[in-house]
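We count ligands from 1, going down the list as the structure has it; atoms in each ligand are counted the same way. We're numbering straight along the sequence, starting at 1.
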Amino acid sequence: MNPFDKFDRQNNILKGDLSTLTSSHIPENFPHRDRQIGLMVESLSSIMRDSRPSNLLLYGKTGTGKSSVTQYVISKLGEKAPNSILTCYLNCQTFDSPYSILINVARSISDVDSIPLSGWPLDRVYSELNTRIEKSKRYIVIILDEIDKLVEKNGGDSLYVILKAADESKNSKTSIIGITNDTSFTEKLDSRVKSRLNQESIIFPPYNASELKDILEPRVKDIIKENSIEEAAINLCAAIGAQEHGDARKAIDLMRIAIELAIRENSDCVTTSHVYKARDRLETDVLKETIRTLPTHTKIVILSCITASEINKTNMITGEIYANYKDICHDMKIPPVSSRRVSDLLSDLEEAGLITTTMKSLGRYGRTRFIQLNEKEKEMKKYLGEDEEMANFNFNRKSIQTRFGTNDPTEATLDKIISAKEEERPN
Ligand SMILES: Nc1ncnc2c1ncn2[C@@H]1O[C@H](COP(=O)(O)OP(=O)(O)O)[C@@H](O)[C@H]1O
Ligand SMILES: [Mg+2]
């Protein structure tokens with residue numbers, strides 16, 4: 001008997017390719033993006049009239065279709081004018097310096113006499129790029145996706161270098177499409193960069209649930225046999241995506257995982273229960289990955305929050321967490337960082353969605369920050385327990401004795417803080 005035999009049976013659900021529900025698949029139709037596609041086409045169509053298009057900046061939250069719509073539009077432009085245009089799509093998560101961006105553009109124009117991946121001075125890359133642009137006699141559109149990552153890493157000047165290279169290219173045939181999830185991106189740019197990049201901008205607003213349904217339905221119907229999916233399952237994916245800042249990626253990922261689960265269970269129909277299970281899985285994956293990729297001290301701080309919360313669920317304060325933090329560092333034989341730094345790390349954790357903090361005024365004692373863990377406390381502890389970096393810590397210790405110590409579910413928190421503040425006062 002072959003252990004794979006049980007998978008021989010044809011699945012009852014699929015008639016098409018499930019991988020069309022991944023981000024790398026570019027669909028042919030984009031419901032609710034006619035306006036954005038129209039604006040991009042209008043701007044790029046100047047190439048067909050033999051004039052350079054403006055630089056464009058596209059922005060909107062994740063999953064609003066920026067990357068896929070752009071790839072769709074440039075592929076259509078390439079079909080229409082194959083001899084007069086060359087497009088170069090780079091994600092700045094990967095290509096994160098002006099050097100790597102400029103050489104990749106140069107290489108995509110022509111692959112002869114490759115420029116080394118490092119070592120040349122930037123101005124040599126610059127002039128080589130110019131020569132290649134001139135020789136190619138084509139319009140070049142450079143798409144810099146997640147352009148904010150470039151600026152975050154190298155500052156606004158790096159973007160200026162690229163914009164200038166494009167502007168000054170011979171015959172001025174090069175333009176740039178920048179894409180960002182960060183809606184306040186332009187505020188971080190100085191005016192000379194901003195005015196060059198943002199010659200035109202296009203906003204991708206978040207989708208609402210009914211729009212997400214219009215996006216999901218045709219993509220699902222293409223690959224699922226008739227009557228093999230409950231309408232309610234599609235609606236639920238759309239609703240969850242809408243809750244998540246109108247994110248089509250989330251809705252599509254959920255749908256794909258729900259379908260995979262239904263196939264694995266050998267069901268005849270994808271139901272809402274598959275979608276709920278898919279959501280749990282997706283959330284688990286995200287949480288696990290978030291925890292795994294935290295810097296060591298941040299991992300210790302979140303563990304300090306967890307141990308403090310085991311004693312006192314609500315109303316944890318920074319002092320308490322810092323005391324725990326130092327305890328754990330001591331156990332793990334790691335030198336602790338300052339309480340001010342831990343305060344910053346708490347802000348990072350809030351940004352990562354793992355804790356919530358609220359400032360409360362305590363009258364003459366000033367203001368203090370109260371910290372609360374977001375649900376999933378058990379899972380967080382479990383993932384930390386599995387973490388290699390935390391291997392030195394004994395997770396079986398019942399709970400860590402905090403400076404404030406007792407099991408205190410009452411509203412005695414204020415006293416606790418006041419005494420902590422008194423202690424903190426310089427004598
Ligand atoms: N209007 C739409 N129609 C069909 N699919 C869409 C639409 N908008 C987004 N998508 C899909 O949602 C996913 C995320 O889109 P993407 O372009 O990667 O978003 P962004 O770049 O804005 O984060 C992709 O799989 C994409 O195909
Ligand atoms: Mg994108």
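- Taking every non-hydrogen atom of Asn29 and a distance limit under 4.0 Å, the qualifying atoms of ligand 1 come out as 3 (N), 4 (C).
- In this structure, Gly60 falls outside the shell of residues with a heavy atom less than 4.0 angstrom from ligand 1.
- Below 4.0 Å from some heavy atom of Thr62 lie the following atoms of ligand 1, by number and element: 23 (O).
- When atom types are taken as modelled, the side chain of Ser43 and the backbone of Met40 share no donor-acceptor pair closer than 3.5 angstrom.
- Within ligand 1, the atoms closer than 4.0 Å to a non-hydrogen atom of Lys61 are 22 (O), numbered from 1 in the order shown.
- When Ser24, Ala251, Pro31, Pro218 are checked for heavy-atom proximity to atom 1 (N) of ligand 1, Pro31 turns out nearest.
- For the pair Arg292 and Tyr383, the cation does not sit on the ring face, since its NZ or CZ is not both under 6.0 Å from the ring centre and inside 45° of the axis.
- An N or O contact shorter than 3.5 Å is missing between Val69 and ligand 1 by distance.
- Shown here for Val161 and Pro98, the closest heavy-atom pair between the two residues is CG1-CB, 4.3 Å.
- Ligand 1 lies less than 4.0 angstrom from a heavy atom belonging to Arg33.
- For the pair Ser67 and ligand 1, the shortest N or O to N or O distance falls below 3.5 Å.
- A salt bridge links Asp167 with Arg196: the distance from a Lys NZ or Arg NE/NH1/NH2 to an Asp or Glu carboxylate oxygen falls below 4.0 Å.
- Those atoms of ligand 1 that come under 4.0 Å of a heavy atom in Thr64, given as number and element, are 19 (O), 20 (P), 22 (O).
- Heavy atoms only, all atoms of each residue included: Pro206 and Glu211 are closest at O-OE1, 4.0 Å.
- Salt bridge Arg249/Asp247: absent, no basic N to carboxylate O contact under 4.0 Å.
- Atom 25 (O) of ligand 1 has Ser23 CA, 3.6 Å as its closest protein atom, hydrogens excluded (heavy atom only).
- Between Glu211 and ligand 1 there is no heavy-atom distance shorter than 4.0 Å.
- Ring to ring, Tyr72 and Phe30 are close: their centroids are under 6.0 angstrom apart.
- With distances taken over non-hydrogen atoms, the option nearest atom 8 (N) of ligand 1 out of Tyr72, Tyr207, Tyr59 is Tyr207.
- Under a 4.0 Å criterion applied to the non-hydrogen atoms of Ala248, ligand 1 contributes the atoms 9 (C), 10 (N), 12 (O).
- Among the atoms of Ser68, none of the N, O or S atoms falls under 2.8 Å from the Mg ion (ligand 2).
- Between the choices Lys66, Arg249, Arg219, the shortest heavy-atom distance to atom 27 (O) of ligand 1 belongs to Arg219.
- Under 4.0 angstrom from ligand 1, the non-hydrogen atoms of Ser68 come from both its backbone and its side chain.
- For the pair Ile252 and ligand 1, the shortest N or O to N or O distance does not fall below 3.5 Å.
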